[in-house]
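The block underneath contains the structure these notes are about, expressed in structure tokens.
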Amino acid sequence: MTYRLGVIGGGQLARMMVPPAIELGIDIRVLAESEGMSAAIAATGVGDYTDLETVRAFTKTVDVVTFDHEHVPQAVLRALVAEGVAVHPGPDALQFAQDKLAMRERLRELGIPMPDWARVETPEELAAFLDDHGGRGVVKTARGGYDGKGVRVVTAADQAEDWFAALAEDGRGGALLVEELVDFRRELAQLVARRPSGDVTLWPVVESVQKNGVCAEVIAPAPGSAGKVAEMAARIGTTIAEELGVTGVLAVELFETTDERILVNELAMRPHNTGHWTIDGSTTSQFEQHLRAVLDLPFGATGHREPWSVMINILGGPTDGDLDTPLQQAAADQPTAKIHLYGKEPRPGRKIGHVTVSGEELDDVVFRARAAAAFFEY
């Protein structure tokens with residue numbers, strides 16, 4: 001039998017699901033938002049993922065549905081499930097990746113360690129939280145933020161005035177999330193995969209480096225994480241995957257604080273930027289494992305092929321849009337680097353690809369990865 005897998009969303013995550021789908025003999029089909037997206041090679045449809053009829057028509061051509069992003073409305077997801085469509089991850093889990101306030105409330109019920117936080121509906125409530133937390137905090141929109149969007153560090157309530165005004169104009173109520181400004185040593189990420197049958201597997205915890213709110217580098221495994229840090233990250237990731245009923249890949253973004261706590265920052269229920277290193281550095285990539293998980297196939301091994309892997313995001317790219325020259329230069333200068341381009345037009349700050357290097361010595365691996373990526377920086 002041939003598995004027919006449908007992916008809603010035509011971005012680079014869907015694109016990177018294509019090679020393992022081919023290897024496993026999976027018929028992968030993509031509903032892209034528009035023509036010419038990263039996953040155009042597998043796009044069998046183009047349409048609005050918020051429109052039930054469009055999504056319903058797409059699901060009739062596949063056996064299982066999964067996602068390139070978490071933005072499909074709950075009403076659409078629940079209608080599909082009610083009609084018997086296999087949706088992984090399902091709406092009951094995805095709601096916690098779609099709404100940061102719902103996520104914080106559920107994780108608190110589970111006793112998962114997090115930054116101190118509050119739901120705030122007025123500037124006065126935000127001011128009170130700031131007064132209780134040293135005059136500083138991180139304000140987030142409950143929905144829609146990613147790569148630094150929808151996130152602000154504030155020292156006064158009027159710095160979120162426009163967001164409160166937008167909530168009032170919306171007319172549906174709502175609130176912002178405010179969190180303590182965590183004093184952290186570094187950011188970590190724990191990737192987990194879970195099958196509908198309940199099997200769970202994990203990759204080693206990694207360290208991520210952010211620049212301007214966007215993931216810039218990932219080191220796998222996180223240096224100095226063996227033992228307590230790895231155990232805590234694995235326990236948190238496994239608990240969240242099991243208790244929320246996630247199917248597929250789950251990324252748990254974490255803070256390692258200066259007082260040696262591990263706190264949950266964000267959740268993503270899909271393959272994640274911090275797991276791109278697995279394509280070249282792990283026995284089974286996060287993309288292959290995601291396919292195995294949502295189709296309830298046995299998992300692949302998640303060990304390292306080399307002691308260290310470093311992934312560098314290619315952000316922006318040449319202003320003239322010509323990637324041929326930097327590609328040739330990077331490939332010639334760093335023949336051990338694995339270069340992945342997403343078929344996207346370069347523009348400032350845009351993720352247009354990544355570079356991964358693996359090897360025995362961390363300093364050497366970091367140098368080679370940065371050297372390859374540097375050819376694309378303008």
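With rounding to the nearest 0.5 angstrom, the CZ atom of Arg104 is 11.0 Å from the CD1 atom of Ile112. Rounding to the nearest 0.5 Å places NE2 of His88 at 11.0 Å from CZ of Arg195. Between Phe287 atom CZ and Gln12 atom CD the span is 8.5 Å, to the nearest 0.5 Å. Note: Thr336 OG1 to Glu306 CD = 10.0 Å, rounded to the nearest 0.5 Å. One finds the NE2 atom of His340 at 3.5 Å from the CG atom of Asp280 (value rounded to the nearest 0.5 Å). A distance of 10.0 Å separates OG1 in Thr141 from CG in Asp99, rounded to the nearest 0.5 Å.
Asn273 and Lys351 share a donor-acceptor pair across their side chains, judged by distance under 3.5 Å alone. Looking at Ser285 and Thr278, their side chains never bring a donor and an acceptor atom within 3.5 Å of each other. With hydrogens and angles left out, the side-chain atoms of Asp183 and Thr258 include a donor and acceptor closer than 3.5 Å. No side-chain N or O of His304 forms a donor-acceptor pair with one of Ser309 less than 3.5 Å apart. Side chains of Glu179 and His133: a donor-acceptor N/O pair is absent below 3.5 angstrom, by distance only. Using modelled atom types, one finds a donor on one side chain and an acceptor on the other under 3.5 Å when comparing Gln74 with Gln98. There is a side-chain donor-acceptor pair under 3.5 Å between Ser208 and Gln210.
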Leu263 and Met114: side-chain contact (heavy atoms from CB on, under 4.5 Å), yes or no, with the steps?
-> CA-CA 5 Å; Leu263 306 177; Met114 298 178 290; 5.6 Å; no
Given the rule in the side-chain hydrogen bond (donor to acceptor under 3.5 Å, both in side chains) test, do Asp48 and Thr54 qualify, once you have shown the distances and angles that lead to the verdict?
-> CA-CA 7 Å; Asp48 181 2; Thr54 298; over 6 Å; no
Evaluate the salt bridge (Lys or Arg N to Asp or Glu O under 4.0 Å) criterion for residues Glu266 and Lys140: first the C-alpha distance (whole Å), next the side-chain angles of each, then the deciding distance (0.1 Å), finally the verdict.
-> CA-CA 11 Å; Glu266 302 280 0; Lys140 300 179 180 180; 2.8 Å; yes
Stepwise side-chain contact (heavy atoms from CB on, under 4.5 Å) check, Ile8 with Asp68 = CA-CA 6 Å; Ile8 297 178; Asp68 169 85; over 6 Å; no
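Between Asp162 and Arg152, at least one side-chain N (NZ, or NE/NH1/NH2) sits under 4.0 Å from a carboxylate O, which counts as a salt bridge. Between Arg56 and Glu53 there is a salt bridge, since at least one side-chain N of the basic residue sits less than 4.0 Å from a carboxylate O of the acidic one. Under the 4.0 Å criterion applied to side-chain N and carboxylate O atoms, Glu242 and Arg194 are not assigned as salt-bridge partners. Ion pair Arg235/Glu231 not flagged as a salt bridge, since none of the NZ, NE, NH1 or NH2 atoms sits closer than 4.0 Å to an Asp/Glu carboxylate oxygen. Electrostatic pairing of Arg119 and Glu121 counts as a salt bridge here, judged by a charged N lying under 4.0 Å from a carboxylate O.
Open room surrounds CD on Glu35; 12 or fewer heavy atoms of other groups in view lie less than 6.0 Å from it. The environment of Leu110 atom CG is dense: over 12 non-hydrogen atoms of other residues, nucleotides or ligands sit within 6.0 angstrom. Residue-environment remark: CD (Gln329) exceeds the threshold of 12 foreign heavy atoms within 6.0 Å. Sparse packing is recorded around CZ of Arg136, with 12 or fewer heavy atoms of other residues, nucleotides or ligands lying under 6.0 Å away.
Taken together through direct or relayed side-chain contacts under 4.5 Å among Ile, Leu, Val, Met, Phe, Trp and Tyr, Leu191 and Leu202 form parts of separate hydrophobic clusters.
Judged as a side-chain hydrogen bond (donor to acceptor under 3.5 Å, both in side chains), and not counting sequence neighbours, Asp320 has no contacts. Under the rule for a side-chain contact (heavy atoms from CB on, under 4.5 Å), the partners of Ala193 that lie at least two apart in sequence or sit in another chain are Thr201, Trp203, Val249, Gln289, Phe299. Under the side-chain hydrogen bond (donor to acceptor under 3.5 Å, both in side chains) criterion, Asp364 pairs with Arg368, sequence neighbours left out. Remark: Glu109 engages Arg106 in a salt bridge (Lys or Arg N to Asp or Glu O under 4.0 Å) (not counting sequence neighbours). In this view, Asp259 and Arg261 satisfy the salt bridge (Lys or Arg N to Asp or Glu O under 4.0 Å) rule, not counting sequence neighbours.
Side chain of Thr284 to main chain of Ala301: a donor-acceptor pair is present (N/O by atom type, distance under 3.5 Å, no hydrogens or angles). Looking only at distances, a side-chain donor or acceptor of Glu33 sits under 3.5 Å from a matching main-chain atom of Gly10.
Considering every non-hydrogen atom in both Val76 and Thr50, the closest pair reads CG2-O, 3.6 Å. The nearest pair of heavy atoms linking Ala157 to Pro123 is CB-O, 3.3 Å. The shortest heavy-atom contact between Arg305 and Ser282 is NE-O, 3.2 Å.
Between Phe255 and Phe184, the ring-plane angle classifies as parallel under the 30° and 60° cut-offs. Ring geometry for His276 against Tyr342 counts as perpendicular: the plane angle is over 60°, on a 0 to 90° scale with 30° as the lower cut.
Considering Leu254, Thr257, Val252 as possible partners of Ile262, the one that fulfils the side-chain contact (heavy atoms from CB on, under 4.5 Å) test is Leu254.
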Using a 3.5 Å cut-off and no angle test, enumerate the donor-acceptor pairs between side-chain atoms of residues 214-227 and protein atoms at least two apart in sequence or in another chain.
from: Glu217; atom 1: OE1; to: Arg370; atom 2: NH2; distance (Å): 3.1
from: Glu217; atom 1: OE2; to: Arg370; atom 2: NE; distance (Å): 3.0
from: Ser225; atom 1: OG; to: Ala222; atom 2: O; distance (Å): 2.6

